[in-house]
Amino acid sequence: MTGKPTVLFVCVHNAGRSQMAAGYLQHLAGDRVEVLSAGSAPKDQINPVAVEAMAEEGIDIAGGTPKLLTVDAVKESDVVITMGCGDACPIFPGKRYEDWQLDDPAGQGIDAVRPIRDEIRSRIEGLIAELLPAGDAAHRS
């Protein structure tokens with residue numbers, strides 16, 4: 001891996017889970033990680049309850065737009081994290097893939113979305129610890 005790692009979050013609609021994950025990674029890792037998100041069948045807007053749940057954490061994801069998953073996005077990425085998109089995600093050799101089993105926030109109220117958000121944050125913190133070991137960020141190659 002040269003330079004900073006690129007992480008792609010993929011879910012079906014790119015409106016909830018993947019947007020929250022991207023928001024957290026951008027917020028917590030800053031410019032040390034390139035963050036992408038996409039969906040296999042993107043909605044036309046981000047889930048407003050996901051926006052609200054992230055706003056409670058001081059993270060604004062309202063400006064994002066769901067994007068269609070492309071082969072190029074996967075090729076550009078070092079780590080591809082899927083959230084229930086199943087076989088819609090193209091697989092390339094040499095990439096790191098993880099599948100995070102998370103409840104879908106679509107159609108859920110804020111009380112149901114908060115625990116999903118908190119689980120995503122926990123997983124993002126673990127991912128950052130793996131990708132950017134403390135004190136080792138300058139020595140990655």
Side-chain angles (χ1 to χ4, degrees), residues 1-134 136-141:
M1 197 180 321
T2 56
K4 58 186 174 181
T6 299
V7 179
L8 170 64
F9 296 101
V10 183
C11 66
V12 175
H13 297 133
N14 191 217
R17 293 165 290 189
S18 55
Q19 292 284 352
M20 289 191 286
Y24 266 130
L25 185 55
Q26 197 79 67
H27 180 75
L28 297 172
D31 62 3
R32 296 177 297 161
V33 176
E34 189 72 35
V35 181
L36 304 172
S37 73
S40 53
K43 290 278 191 201
D44 56 359
Q45 66 179 34
I46 295 178
N47 178 340
V49 182
V51 171
E52 180 184 351
M54 293 301 285
E56 292 178 351
E57 296 282 292
I59 301 171
D60 180 9
I61 62 169
T65 307
K67 294 174 212 54
L68 181 63
L69 175 65
T70 64
V71 169
D72 286 345
V74 177
K75 282 184 181 172
E76 286 171 26
S77 302
D78 300 299
V79 181
V80 179
I81 296 174
T82 57
M83 304 168 182
C85 71
D87 297 335
C89 300
I91 304 288
F92 291 99
K95 306 285 179 198
R96 172 176 159 189
Y97 290 90
E98 289 184 26
D99 187 50
W100 292 359
Q101 299 294 323
L102 297 162
D103 292 334
D104 189 346
Q108 305 282 339
I110 189 71
D111 290 335
V113 173
R114 283 186 188 114
I116 300 168
R117 174 200 67 200
D118 295 345
E119 171 72 12
I120 289 171
R121 180 183 181 119
S122 172
R123 290 175 185 238
I124 291 295
E125 288 169 344
L127 181 67
I128 291 170
E130 291 172 22
L131 291 178
L132 304 170
D136 188 40
H139 303 292
R140 297 184 65 77
S141 61

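Computed from heavy atoms alone, side chains included, the values below leave out hydrogens, waters and symmetry copies.
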Rounded to the nearest 0.5 Å, how far apart are CD of Gln101 and OG1 of Thr82?
8.0 Å
Could you go step by step and tell me if Arg114 and Glu56 meet the salt bridge (Lys or Arg N to Asp or Glu O under 4.0 Å) rule?
CA-CA 9 Å; Arg114 283 186 188 114; Glu56 292 178 351; 2.7 Å; yes
Could you give all pairs that pass the salt bridge (charged side-chain N to carboxylate O under 4.0 Å, His left out) test and reach residues 34-47, with sequence neighbours left out?
Lys4-Glu34
Please list all pairs meeting salt bridge (charged side-chain N to carboxylate O under 4.0 Å, His left out) that have one or both residues in residues 9-25, counting only residues at least two apart or in different chains.
Arg17-Asp104
From CA spacing to verdict: side-chain contact (heavy atoms from CB on, under 4.5 Å), Leu131, Arg96
CA-CA 11 Å; Leu131 291 178; Arg96 172 176 159 189; 4.1 Å; yes
Point-to-point distance, once rounded to the nearest 0.5 Å, from OH of Tyr24 to CD1 of Ile128:
11.0 Å
State which residues pass salt bridge (charged side-chain N to carboxylate O under 4.0 Å, His left out) with Arg121; sequence neighbours excluded, sorted by chain then number.
Glu57, Glu125
Between CG on residue Leu36 and OG on residue Ser18, distance to nearest 0.5 Å:
11.0 Å
Once salt bridge (charged side-chain N to carboxylate O under 4.0 Å, His left out) is applied, do any residues pair with Asp31, and if so which ones, sequence neighbours excluded?
none
Please determine whether side-chain contact (heavy atoms from CB on, under 4.5 Å) holds for the pair Asp78 and Thr6, giving the CA-CA distance in whole Å, both sets of side-chain angles, and the decisive distance to 0.1 Å.
CA-CA 5 Å; Asp78 300 299; Thr6 299; 3.9 Å; yes
Would you say the side chain of Val10 lies within less than 4.5 Å of the side chain of Tyr97, judging by non-hydrogen atoms?
no
Among all residues two or more places apart in sequence or in another chain, which pass the salt bridge (charged side-chain N to carboxylate O under 4.0 Å, His left out) test with Glu52?
none
Give me the atom names and distance for the closest heavy-atom approach of Ala22 to Ser37.
CB-CB, 4.1 Å
Kindly give the heavy-atom pair with the smallest separation between Gly39 and Pro42, and that separation in Å.
O-CD, 3.5 Å
All pairs passing side chain to side chain donor-acceptor pair (under 3.5 Å) where residues 64-76 contributes a residue, at least two apart:
none
Would you give the length of the straight line joining atom CG of Leu102 to atom CZ of Arg123, rounded to the nearest 0.5 angstrom?
5.0 Å
Residues Leu69, Leu8; criterion side-chain contact (heavy atoms from CB on, under 4.5 Å); working and verdict:
CA-CA 10 Å; Leu69 175 65; Leu8 170 64; 4.0 Å; yes
Side chains of Ile110 and Val49: closer than 4.5 Å at any heavy-atom pair?
yes
Spacing of CD1 belonging to Ile61 relative to NE2 belonging to His27, to within rounding of 0.5 Å
12.5 Å
Quick check: closest heavy atoms across Met20 and Pro105, and the distance to 0.1 Å?
CE-CG, 4.1 Å
Please walk me through it: do Leu127 and Val33 pass side-chain contact (heavy atoms from CB on, under 4.5 Å)?
CA-CA 11 Å; Leu127 181 67; Val33 176; over 6 Å; no
State the CD1-CE distance between Ile116 and Met83, to the nearest 0.5 angstrom.
11.0 Å
For residues Ala29 and Leu132, report the shortest heavy-atom separation together with the two atoms involved.
CB-CD1, 4.2 Å
Val113 versus Ala53, closest heavy-atom pair with distance
CG1-CB, 3.8 Å
Shortest non-hydrogen pair, Gly16 vs Asn47, comes out as CA-CB, 4.5 Å
